[in-house]
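Structure first, commentary second.
Just so you know, ligand 1 is whichever comes first in the structure, and atom 1 is the first atom listed for that ligand. What you are looking at is a predicted structure, and each value in this text was computed from that prediction instead of being measured. Here, residue 1 is the first one in the sequence, and each next residue gets the next number.
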Amino acid sequence: MKRFLVALVSVLIGAGVVAGVAVFAHATSGEPPLLVAEAGGTVDTPEGPMNSASLELYIYPNNSDAVPGPMEGVNALYASQGWPFYWPSTTLQVPANSLVTVTIYQYDSGGRVFNPYWAKVHGTVDGTMTVNGKTVSEWDPTKIAHTFTVHQYPDAGQPNLFVSVPLPDLGANEVGNANPYVDNPKVVTFTFKTGEPGKYVWNCEFPCGDQYQEFGGPMQQRGWMSGTLQVV
Ligand SMILES: [Cu+2]
């Protein structure tokens with residue numbers, strides 16, 4: 001009986017450690033809550049009718065009383081860093097086999113993107129986006145704030161999905177520091193097609209962080225300038 005109790009206790013301790021590690025890992029991963037695209041109606045396309053959905057995202061230059069920024073897990077530790085971030089979440093879900101329209105309200109300043117490839121629009125319907133209502137396929141590489149760039153895992157056996165749009169900057173003197181920051185953000189819209197379900201990652205390819213080549217800080221911390229895109 002004693003041996004049984006010792007075994008039972010050690011199993012319980014083991015389970016407790018596993019549960020503790022799981023809770024700790026979740027707390028430190030800082031994955032923001034899931035943001036599900038809003039379903040739209042059926043749209044006629046050259047390939048026939050398709051479902052549609054839409055997502056709205058905001059990019060703020062820093063957090064504020066009105067917009068606290070990502071606070072999940074370890075992200076709360078970075079709340080005072082003044083990092084730029086996507087809002088309200090970087091954990092995105094969109095429907096499969098659909099036309100997904102994303103609108104991004106961009107409130108941050110920027111500068112030159114190292115690689116002009118990221119100043120061009122890739123992977124959207126017609127290869128275009130709109131900026132404040134005007135249709136374009138690229139932007140001045142010296143006036144980029146961030147990018148929204150969807151990749152897939154290198155070894156993923158799922159449909160290819162690559163979408164990247166440059167997000168135009170505001171002039172440094174145009175950027176406010178309190179919500180709503182400024183009255184005239186750059187408003188970017190673009191539409192892409194999803195295929196069968198898959199799990200993708202997305203990030204910003206404009207080095208808006210710190211440390212090595214400005215690719216540290218918010219660039220490498222989930223919840224700020226990178227996240228996941230689930231196609232379901
Ligand atoms: Cu960025």
Side-chain angles (χ1 to χ4, degrees), residues 29-32 35 55-64 67-72 74-75 77-92 102-124 129 131-132 136 138-152 161-177 179-182 184-190 192 200-229:
S29 69
E31 209 68 68
L35 178 65
L55 264 183
E56 270 193 11
L57 297 170
Y58 299 79
I59 298 173
Y60 292 117
N62 50 259
N63 59 357
S64 69
V67 186
M71 295 293 282
E72 294 76 22
V74 72
N75 281 331
L77 301 176
Y78 303 123
S80 62
Q81 298 291 314
W83 287 350
F85 59 94
Y86 274 82
W87 188 253
S89 180
T90 57
T91 310
L92 312 178
V102 182
T103 303
I104 300 179
Y105 298 85
Q106 202 300 103
Y107 288 86
D108 201 4
S109 59
R112 176 184 288 278
V113 68
F114 292 157
N115 185 340
Y117 182 82
W118 302 119
K120 294 185 161 61
V121 179
H122 304 279
T124 67
M129 64 177 187
V131 178
N132 294 355
V136 297
E138 61 186 320
W139 198 254
D140 182 342
T142 67
K143 292 187 164 59
I144 308 290
H146 302 279
T147 78
F148 180 83
T149 303
V150 179
H151 303 267
Q152 63 194 116
L161 182 61
F162 175 61
V163 178
S164 185
V165 297
L167 300 166
D169 68 357
L170 294 176
N173 56 354
E174 294 178 89
V175 177
N177 287 312
N179 190 55
Y181 299 95
V182 289
N184 55 335
K186 290 289 198 298
V187 182
V188 172
T189 71
F190 56 95
F192 63 96
Y200 305 88
V201 290
W202 67 268
N203 64 291
C204 167
E205 293 288 350
F206 179 87
C208 60
D210 47 30
Q211 300 161 35
Y212 180 70
Q213 300 279 56
E214 288 84 46
F215 272 96
M219 294 291 284
Q220 62 186 24
Q221 177 55 40
R222 208 40 97 60
W224 300 78
M225 280 285 143
S226 66
T228 55
L229 179 82

Classify the ring geometry between [X] and [Y] as parallel (under 30°), tilted (30 to 60°) or perpendicular (over 60°).
X    : Y    : result
W87  : F85  : perpendicular
Y117 : F162 : parallel
F215 : F114 : tilted

Going by heavy atoms in the side chains, are F206 and L167 under 4.5 Å from each other?
no
Hits for side-chain hydrogen bond (donor to acceptor under 3.5 Å, both in side chains) against N203, two or more places apart or cross-chain, chain-then-number order -> H151, E205
Taken by chain and residue number, the protein N/O/S atoms under 2.8 Å from the Cu ion (ligand 1) read H146 ND1, C204 SG, C208 SG, M225 SD
For D169 and Q106 the tightest heavy-atom approach is CA-NE2, 3.7 Å
